[in-house]
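Following: one structure in structure tokens, then a few remarks.
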Amino acid sequence: MTTLDPTPVSFGTEDRLAATVTDGALRPIVDRVLEGQRLSADDGMVLFSTPDIWTVGALADLVRRRLNGDVAWYNVNRHLNYSNICALSCKFCSFHRKKDDDGAYEYSLDDIRKEATKATESGATEMHIVGGLHPWLPFQYYLDMLSAIVDVAPRLHVKAFTAVEIVHLARIAKKGRDGDDGIRWVLQQLKEAGLGSLPGGGAEVFDDRVHAETHRTKISGDRWLDVHRIAHEEGLNTNATMLYGHVETCADRIRHMQLLRQEQDRTLRTWATEHGLALESSVDHEGRPHDAVVLHGPDCTGLALQPTPETCATGYYQTLIPLPFIPDDSALEHLPGPMGLENLRTLCVARLMLDNFPHMKAFWIMQTLEMAQLMLQNGADDIDGTVVWYDITKVDGAGTHQEVTVRDLQRAAREAGFNPVERDTLYRSVQRDGREWRVES
Ligand code: V47
């Protein structure tokens, strides 16, 4: 039997732009993007409301190619959700359980050791660990978890604990949940025990009304940003998410992106100074200079982030992961959740607004691998990894086993017209021979 290889498709960005601008409101934005200028919140709102979504996609693709060329990043990873027992009951979440609920679980240190061993034996480079706010596990459990992983799988990068968990740990370690000191202490202890970076979860949407309506008892957006700021100060790279498509507005999404952009400006200024790099001034949409760090990709001159944070005193945001709200089994199940074009547009707008984020991730578990392909063509440069087990969200009745192979990831990227490149957590390319791997320096 013969099989037909799908032909990789490619769209010439300039051609797409020339051919598709059908909305006059987009013309000044097209000019600004072509000139590398920063977009305003008003521009963001135009991008969300224009019927001409294909121009929005072409612009996002242009920016994505400036930063990452034709590379589509993926990684060989494992997710581990150590417990679903949670003191909170956020309305969008179907993962949390109370202690005596059906299906409540927690991993012992031995379970974690076994998972880390399996991960490393399968050639994974990363373990992504998050869980609920467990009411009675002591702080020592989290340190022991990291030490156990380092013990059995010393090369595995541990990306673990959302900002929400970090604040919880500061509280249970009796270091207080307010102020910077307790958070800093927790992060220092975890880093010493083996923590490599922070994932982007728990950011939801930085807005007080949304916070009150959907996740009232969780930390505020300001507190989430504080934790990531302190993590960066402690030399840890972090990611950011935005959980959209429930009760927030497009203006709320833009505000979320602006707050992240502002914080990344601050972080990158320190980062660049530390590296002895001159800062370039950029201009905003009205031609006013602002002193943001300008990121350029491989085919441009200027400052590109070098992924060498192990030797760096300052970390930064690596990627934004837009997370479409998945209503199934949550207290907001009556809401429909966003559909494909909304997901695509949100990713595009994020790519265009967050000019100082080097990466945009289309998390295939929540977007589907098929949509992730389209997203690669419209601003995303990363599709996450092999995952294997995932318990936080399940689309269309999926179970906890949610795995794709490296071949699947590579095929998806190639069919979308990109060059699949394996990365480690810090976006260094990985050279692999079966289960053996090394990072390219
Ligand atoms: O923290 C919870 C969100 C996050 C739902 O850093 C939901 O590389 C949609 O943060 N519908 C976990 N989202 C996922 C996450 C993540 C995933 C992949 C990569 C990275 C990274 C981070 O999912 C939670 C919460 O914000 N979430 N429930 C839901 N029903």
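Ligands are counted one by one from 1 in listed order, and the atoms in each one are counted from 1 as well. Keep in mind the model is a prediction, meaning the values are calculated, not measured.
- Counting the atoms of ligand 1 from 1 in the order shown, those under 4.0 Å from a heavy atom of P199 are 6 (O).
- What you find for M242 and M257 is that their closest heavy atoms are CE-CE, 3.7 Å.
- Looking at F325 next to ligand 1, no N or O pair under 3.5 Å apart turns up.
- Taking every non-hydrogen atom of T241 and a distance limit under 4.0 Å, the qualifying atoms of ligand 1 come out as 10 (O).
- Nearest protein heavy-atom contact of atom 11 (N) of ligand 1 is I326 N, 2.9 Å.
- Looking only at protein heavy atoms, the nearest one to atom 25 (C) of ligand 1 is E204 OE1, 3.6 Å.
- Checked for salt-bridge contact, K91 and E213 miss the test: no charged N lies under 4.0 Å from a carboxylate O.
- Here is the list of ligand 1 atoms found below 4.0 Å of a heavy atom in F363: 17 (C), 18 (C).
- In this structure, of T393, L323, T238, the residue bringing a heavy atom nearest to atom 23 (O) of ligand 1 is L323.
- The heavy atom nearest to atom 1 (O) of ligand 1, considering only A240, C93, P338, G202, is found in G202.
- If you number the atoms of ligand 1 from 1 as listed, the ones under 4.0 Å from a heavy atom of Y390 come out as 12 (C), 14 (C).
- Between G200 and ligand 1, at least one N/O pair is under 3.5 Å apart.
- The shortest N or O to N or O distance between T162 and ligand 1 is not below 3.5 Å.
- Judged by distance alone, with hydrogens and angles left aside, the side-chain atoms of T314 form no donor-acceptor pair with the main-chain N or O of G235 at under 3.5 Å.
- Closest to atom 16 (C) of ligand 1 among all protein heavy atoms lies H128 CE1, 3.9 Å.
- Looking at R65 and D381, no side-chain N of the basic residue comes within less than 4.0 Å of a carboxylate O on the acidic one, giving no salt bridge.
- N378 contributes a side-chain N or O that, together with a main-chain N or O of L374, makes up a donor-acceptor pair within less than 3.5 Å.
- For atom 9 (C) of ligand 1, the choice among P327, S330, P324 with the nearest heavy atom turns out to be P324.
- Less than 4.0 angstrom separates some heavy atom of G201 from each of these atoms of ligand 1: 1 (O), 10 (O).
- In the vicinity of K361, heavy-atom distances shorter than 4.0 Å reach the ligand 1 atoms 8 (O), 19 (C), 21 (C).
- Closest to atom 27 (N) of ligand 1, if we only count protein heavy atoms, is L243 CD1, 3.7 Å.
- A salt bridge links R229 with D226: at least one charged nitrogen is closer than 4.0 Å to a carboxylate oxygen.
- Ionic pairing of R78 and E126 is not present here: no N-O contact between side-chain nitrogen and carboxylate oxygen is shorter than 4.0 angstrom.
- Under a 4.0 Å N-O distance rule, the pair D110/R113 qualifies as a salt bridge.
- Residue I321 has no N or O atom closer than 3.5 Å to an N or O atom of ligand 1.
- You'll find the side chain of V387 stays beyond 4.5 Å of the side chain of V404, heavy atoms only.
- For Y244, the heavy-atom gap to ligand 1 stays at 4.0 angstrom or more.
- An N or O contact shorter than 3.5 Å links N239 to ligand 1 by distance.
- Each of D384, T393, I321 was evaluated against M366; a single residue qualifies, T393, per the side chain to side chain contact (heavy atoms under 4.5 Å, CB included) test.
- L190 is not listed as a side-chain neighbour of L236, based on a closest heavy-atom distance of 4.5 Å or more.
- Here is the list of ligand 1 atoms found below 4.0 Å of a heavy atom in D384: 19 (C).
- Ring to ring, F206 and H256 are close: their centroids are under 6.0 angstrom apart.
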